[in-house]
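Below is one structure. I have some questions about it.
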Amino acid sequence: MKEKKLWSGRFTKNVSDLVEQFTESISFDSRLALYDVKASIAHTKMLERSNIISKSDAARILSGLKKIDQLIQNNKLPLKKEHEDIHMNIESLLTKMIGESAKKLHTARSRNDQVLVDVVLYLKDIVSIMNREIRALQKVIIIKAEKNKDIMIPGYTHMKQAQVVLVSHYLMAYFNMFQRDKERFEQLSRSLDILPLGTGALAGVNYDTDRNLLAKLLGFSQVSENSMDTVSNRDFMIEFISHCSILSMHFSRMAEDLIIFNTDEFEIITIDDSFTTGSSIMPNKKNPDVLELIRGKTGLIYGDLVSLLTLLKGLPLTYNRDLQEDKKIIFRTIDTILPILQIAPALLKNIKFNTHAINKKMRSGFLLATDLADHLVKSGTPFREAHCIVGKIIGHCVEKKLSLFDLDLKDFQQFSNKFDHHVLALLDYKHSIQSKRSYGSTSFKSVKNQIKKAKRLIQ
Ligand code: ARG
């Protein structure tokens, strides 16, 4: 025999099995169980202190909820589809455990505000886990940058070798991207600091409740202002997925860089065997699948963002059952982003820069072209003219299959008499790095400064 629905009063027939299957959410919202109990404990205390329920009822409810909390911690909470969602599963179980008093728990609240407080509490935890993981990743980036601080690589624009940069500068670029991510999530923590509970179904409740007390008990610093907005609001979920989308986009770009650097054509990095996979047919293969999956999973997160925005775009105020699907979406986002956050630092640790191969790739010296032009500028040539002169030198080298290192002073002077013997000293990548003067550049001094600041930021 099935138990009666908590809302069955006005119904003359049992709900069809098909409908029960179709409308349940317990199969995915059970992960909110601990937060649901936490919110119910606060709600019970508030009801008691506001003289809405008696001390003895409150005591019975609280002791029942604590037992349920234990069941959840031990993974023993019975979950029934016939009770639809996590809220009614817990309330039904409580009623079974303590009887009549349990029926007073749902006074002055609705599942519409209850589900929100659960999700907000849950997201608060997830966001702080994510910020911790991002910080851990940033630490690895700093260590990697320091360890490889003198290695130079070609920097690219349009996927063509452009100017020489330090590997540490390159790595610190990602540090900055992840720093912005962390700041976005910190900002979101402020949106999550507003208590939705206590607004009831949509209009508020007919009791003299104390929402400030609820906020205090649950660790919120503010209370939401408008009950209709509150039960309809999913902005914070959109923000969350949006921030995750940007974060995963950063991961995906890093993955793409590293995939390219790892190709047989570039050979800039080698990934440790333990972080690569093989092919079932080609014995020669050692593939960067982790990086490819990071790139691929990013697409799923973008999909989640569009799913949630689409779920909301036509929804009239206030609560509509469509909103039940919101949880499926954010849970999927979380289940996609967390594993990426966990594997990324380990992956970085398992990457080596191949100085020998890198130096071979930079042999033409064309990465120094801008430095040559700047050298002419110093002796009075306008930059645009200097650009043209050096362009001709590069064209000459390309035609004759020469590198810049093959030219001597006389060769240079054929293109401009402004070239003096100093030009030969320019033909050195280290010199090029050292010549960068602007704040935030790839010079040794600048990168050292960046690392110093970064260390302070993640403390
Ligand atoms: N399981 C529901 C959800 O996740 C809880 C709120 C139900 N409210 C309602 N009016 N049926 O959205």
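Remember, it's a predicted structure, so these values are computed and weren't measured experimentally. The figures here come from the full heavy-atom set of this structure, side chains too, leaving out hydrogens, waters and symmetry mates. Whatever order the structure lists them in is the order used to number ligands and atoms, beginning at 1.
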**Study point:** D85 neighbourhood, listing ligand 1 atoms whose heavy-atom distance to it stays under 4.0 Å
**Key:** 1 (N), 2 (C), 5 (C)
Point to revise | Polar side chain donor-acceptor pair, D118 to Q114, under 3.5 angstrom | key: no
Practice item. Would you please indicate if the ring centroids of Y170 and F353 are separated by under 6.0 Å? Key: no
Practice item. Could you tell me whether some N/O pair between E84 and ligand 1 is separated by less than 3.5 angstrom? Key: no
Exercise for review: For K327 and ligand 1, answer yes if some heavy atom of the residue is under 4.0 Å from a ligand atom, otherwise no.
Suggested key: yes
Revision key, fill the gap. Counting from 1 in the order shown, the ligand 1 atoms closer than 4.0 Å to a non-hydrogen atom of N112 are 6 (C), 7 (C), 8 (N), 9 (C), 10 (N)
Review point. How close does the nearest protein non-hydrogen atom get to atom 12 (O) of ligand 1, and which residue and atom is it?
Key: Y319 OH, 2.4 Å
Solution key, residues 345-352 side-chain donor-acceptor pairs under 3.5 Å, sequence neighbours excluded:
| residue | atom | partner | partner atom | Å |
| --- | --- | --- | --- | --- |
| N350 | ND2 | A346 | O | 2.8 |

Practice item. Would you kindly say whether S40 and R109 are connected by a side-chain donor-acceptor distance under 3.5 Å? Key: yes
Practice item. Provide the full list of ring-ring contact (aromatic ring centres under 6.0 Å, His included) pairs with a residue in residues 20-59, sequence neighbours left out, each pair given once. Key: Y35-Y122
Check your understanding: Any idea which of Q324, K328, R111, M88 brings a heavy atom closest to atom 11 (N) of ligand 1?
Key -> R111
Check your understanding: Is the shortest N/O to N/O distance between H87 and ligand 1 below 3.5 Å?
Key -> no
